[in-house]
Every structure is written in structure tokens, then in C-alpha cells.
Trainee: 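Encoded as C-alpha cells, here's the structure I'll be asking about.
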2 protein chains.
Amino acid sequence: MKQKIAMNSNKDVEKHSFKCGRQKRFLIPSILLLLLEKPSHGYELMEKYPEFGFTDTGPDAGAIYRTLKSLKSDGFVESKWNTGNTGAAKKIYSITGKGKILLKNWAKEMNEKKNSIVVFLERYKKSNKALAETGKKLF
Amino acid sequence: MKQKIAMNSNKDVEKHSFKCGRQKRFLIPSILLLLLEKPSHGYELMEKYPEFGFTDTGPDAGAIYRTLKSLKSDGFVESKWNTGNTGAAKKIYSITGKGKILLKNWAKEMNEKKNSIVVFLERYKKSNKALAETGKKLF
DNA sequence: AATCGATATATGTTATATACATATATTATG
DNA sequence: CATAATATATGTATATAACATATATCGATT
């Protein structure tokens with residue numbers, strides 16, 4: 001018979017889960033990559049950001065605009081107002097040469113992080129397999 | 001001639017780099033996996049943690065002990081004092097059934113995060129390739 | 001023409017894991 | 001016996017994620 005352990009819908013699980021603390025949402029590289037693909041404005045980036053799947057909670061509008069502002073002030077992106085079209089005026093952002101280098105650095109480090117996760121998961125799998133072989137129940 | 005852009009050793013790069021903000025150091029799942037492999041104590045976990053490669057700055061002793069204390073108070077690990085050996089008394093921690101389930105959840109979510117990074121990196125690669133084909137210089 | 005939702009940008013506030021520092025005590029070493 | 005290593009523990013600062021709120025325009029509905 002399967003052992004049942006009180007676990008879900010509990011505050012303590014949430015506290016120690018993946019989602020605890022501040023998540024790395026990869027907002028900066030996501031914005032930079034989207035701008036590498038096509039110059040865009042805050043609202044559009046906000047809509048596209050979930051495509052990467054880094055979060056399930058959706059982007060935070062405040063975070064997008066603040067990040068764009070900050071990236072611009074340090075020269076990683078540049079912007080111009082789009083007043084031509086109808087609708088509210090849009091601030092169209094583009095990635096700069098400096099921004100492309102920053103994105104490249106991010107890609108390198110994200111790849112390293114990915115490799116670390118792979119190492120972890122393989123080690124976990126191996127450990128579970130070893131435990132199963134010694135007859136110990138996993139849970 | 002290769003264009004040189006002022007970039008490194010600058011404060012603004014650091015501010016927007018991968019290491020900006022609080023990194024996900026995967027301390028909780030790392031501790032849980034190490035304890036799944038073998039019951040251990042804080043100091044030993046501190047030494048083993050870098051094996052995963054999640055950081056290059058090394059673990060923070062404070063974080064290890066605080067995390068262990070917190071995991072224990074919620075029943076994910078349990079501990080007993082080891083007074084048998086020589087040396088300073090060690091608090092030997094083991095993973096509980098509840099802790100094993102928590103670790104399993106972490107593994108699932110880390111795998112999803114890994115997949116998102118892979119998607120991102122492939123999209124970045126594709127974008128660079130497309131830019132190269134249109135003759136635009138990447139940097 | 002007034003209400004409502006979507007579009008679009010922007011600022012204010014709080015919670016918290018990380019990051020660094022410090023404190024304590026024991027054992028090993030030179 | 002002073003110093004380093006082992007071992008556990010607490011104090012504090014900080015960046016940013018997460019949530020909330022504010023402003024204004026435009027399009028659709030009533």
C-alpha cells in the first residue's frame with residue numbers, strides 16, 4: 001500500500017519549493033533576444049516574454065518597463081518614440097552593439113547553468129536507481 | 001577590423017549580467033540530494049555543495065546552516081547529534097520521506113527550467129544565424 | 001456620450017534569499 | 001600556546017521579484 005504523506009496545499013512546502021525566494025526570470029536576456037529579433041516596445045515585449053516559458057505567472061509590467069529604462073541608461077538598448085500610428089504613443093526599443101555583447105555573455109552563462117542542472121538531474125536519477133536496487137522504498 | 005566596444009571591467013555590465021541580483025543557487029535541492037546519497041552534517045555539505053557547479057563563489061556557511069534548520073523545522077530532514085567521534089560535535093542530518101517528495105518536485109521543476117533555457121539558447125542561435133545570413137554584423 | 005476593456009507607459013512598496021560579516025567552541029598542528 | 005581547521009550559529013544589508021497603483025489613449029459596447 002502506498003504511503004500517504006501530508007504534503008500538498010501546505011505552507012511549508014511552498015516555502016521550500018522551486019518557487020521560493022526570488023526566481024531567476026531571465027528577463028534581461030529575454031528582452032535582449034526579442035529586440036535582437038525585432039525592435040519592439042514594452043507592451044509587446046510583455047506579451048512575447050511568456051513564449052520562453054521561464055515563468056508560469058506571467059511577466060510583470062513594472063519589471064519590463066523598469067528593465068528597459070535601466071538597460072537604456074547603460075547603453076544596451078536605445079529607443080525612439082513612435083508617433084506615426086494610431087493608439088497610445090509607443091517607445092520603440094532596439095538592441096545596441098553593447099547589448100549584443102551582453103546577450104552573448106548571458107547565453108554563455110545560461111548554458112553553464114543548464115549544464116549544472118543536467119549534472120544535478122543525472123546524479124539524482126542515479127541516486128534513485130541505486131536506492132531502488134538496494135530495495136529501499138523511495139518515499 | 002574588429003570593432004572594440006567599451007564593455008568589460010565596467011559597473012554597468014555587472015549590473016545587468018547573469019550574476020546580477022540574487023542567483024538561484026539551488027541550495028535546497030542540493031542539500032536534499034546530498035542527504036539522499038548519505039546522511040551528513042552542515043560542514044560536510046558545505047564542502048560538497050560546489051560539486052554541482054551552481055556557483056563559482058562557493059557556498060555560504062550561514063545559508064547552509066539556516067537552510068538545514070528551516071528544512072528540519074518543517075520535517076523535510078531530521079537530525080541527531082554525533083558525539084561518538086573526536087572533533088567538534090556534529091549534527092548529522094538525514095532526509096525524510098517528506099524531504100524525498102520535495103526533492104522530486106524540485107527535480108521536476110529544474111528539468112522544466114532546463115528545457116526553457118534550451119529553447120532560449122536555440123532561439124538565440126537561430127537569430128544569430130539569420131542575422132549572419134542577411135550580412136549584418138553581429139557586434 | 002458614457003462606460004468598459006484593451007493598449008501603453010510608469011512609479012510605489014514589500015518580502016526575502018542571497019551575500020557578507022561576525023561570534024563561539026573544539027580539535028589539530030607547528 | 002598561538003594559529004589554522006573544523007563545526008555550528010546569528011546579525012545585517014541589499015537587490016529584485018512580486019504585487020499594487022497611477023496615468024492616458026483608443027476601440028467597442030450600451
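Lettering of chains follows the sequences in order, A, B, ..., and the numbering in each one begins at 1. Being a predicted model, the structure only gives us computed values, none of them experimental.
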Trainee: Given atom CD1 of A:I92 and atom P of C:dA8, what is their separation to the nearest angstrom?
Mentor: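 Taking atom P of C:dA8 as the reference, CD1 of A:I92 is at 9 Å.
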
Trainee: Go through the structure and list residues passing side chain to side chain donor-acceptor pair (under 3.5 Å) with A:K126, not counting sequence neighbours.
Mentor: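 Expected list: none.
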
Trainee: So which nucleotide from D:dA9, C:dT9, D:dT6 ends up closest to the side chain of A:Y43?
Mentor: C:dT9

Trainee: Whole angstroms only, please: what is the CD1-P distance between B:I64 and D:dT6?
Mentor: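 Checked: the CD1 to P distance equals 15 Å.
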
Trainee: Tell me: NE2 of B:H41 to P of D:dA7, nearest whole Å?
Mentor: 5 Å

Trainee: I need the CH2-P distance between B:W81 and D:dT6, as an integer number of Å.
Mentor: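 Those two atoms, CH2 and P, are 18 Å apart.
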
Trainee: What is the distance, rounded to the nearest whole Å, between atom NZ of B:K69 and atom C1' of D:dG11?
Mentor: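 To the nearest whole Å, that distance equals 12 Å.
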
Trainee: Kindly say if B:K90 contacts the phosphate of C:dT26, meaning a side-chain N or O under 4.0 Å from OP1 or OP2.
Mentor: no

Trainee: Please name all residues satisfying ring-ring contact (aromatic ring centres under 6.0 Å, His included) with B:H16, sequence neighbours left out, ordered by chain then number.
Mentor: A:F76

Trainee: Would you mind writing out the side-chain donor-acceptor pairs for residues 47-54 of chain A within the sub-3.5 Å range, not counting sequence neighbours?
Mentor:
from, atom 1, to, atom 2, distance (Å)
A:Y49, OH, A:R25, O, 2.5
A:E51, OE1, B:R123, NH1, 2.8
A:E51, OE1, B:R123, NH2, 3.1

Trainee: In whole Å, I'd like the distance from the OH atom of A:Y65 to the P atom of D:dT23.
Mentor: 17 Å

Trainee: According to the salt bridge (charged side-chain N to carboxylate O under 4.0 Å, His left out) rule, which pairs have a member within residues 64-82 of chain A, sequence neighbours left out?
Mentor: A:D74-B:K15

Trainee: For nucleotides 15-21 of chain C, just jot down a letter per nucleotide in 5' to 3' order: B, S or -, based on protein non-hydrogen atoms under 4.0 Å.
Mentor: BSBBBB-

Trainee: Specify the separation, in whole Å, of atom CE of A:M46 and atom C1' of D:dA18.
Mentor: 15 Å

Trainee: Round to a whole Å and report the spacing from CD of A:E47 to P of C:dA8.
Mentor: 7 Å

Trainee: Going by the ring-ring contact (aromatic ring centres under 6.0 Å, His included) test, which pairs reach into residues 91-113 of chain A, not counting sequence neighbours?
Mentor: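 Matches after skipping sequence neighbours: A:W106-B:F18.
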
Trainee: Passes salt bridge (Lys or Arg N to Asp or Glu O under 4.0 Å), B:E109 versus B:K113? Steps please.
Mentor: CA-CA 6 Å; B:E109 304 222 47; B:K113 181 67 101 180; over 6 Å; no

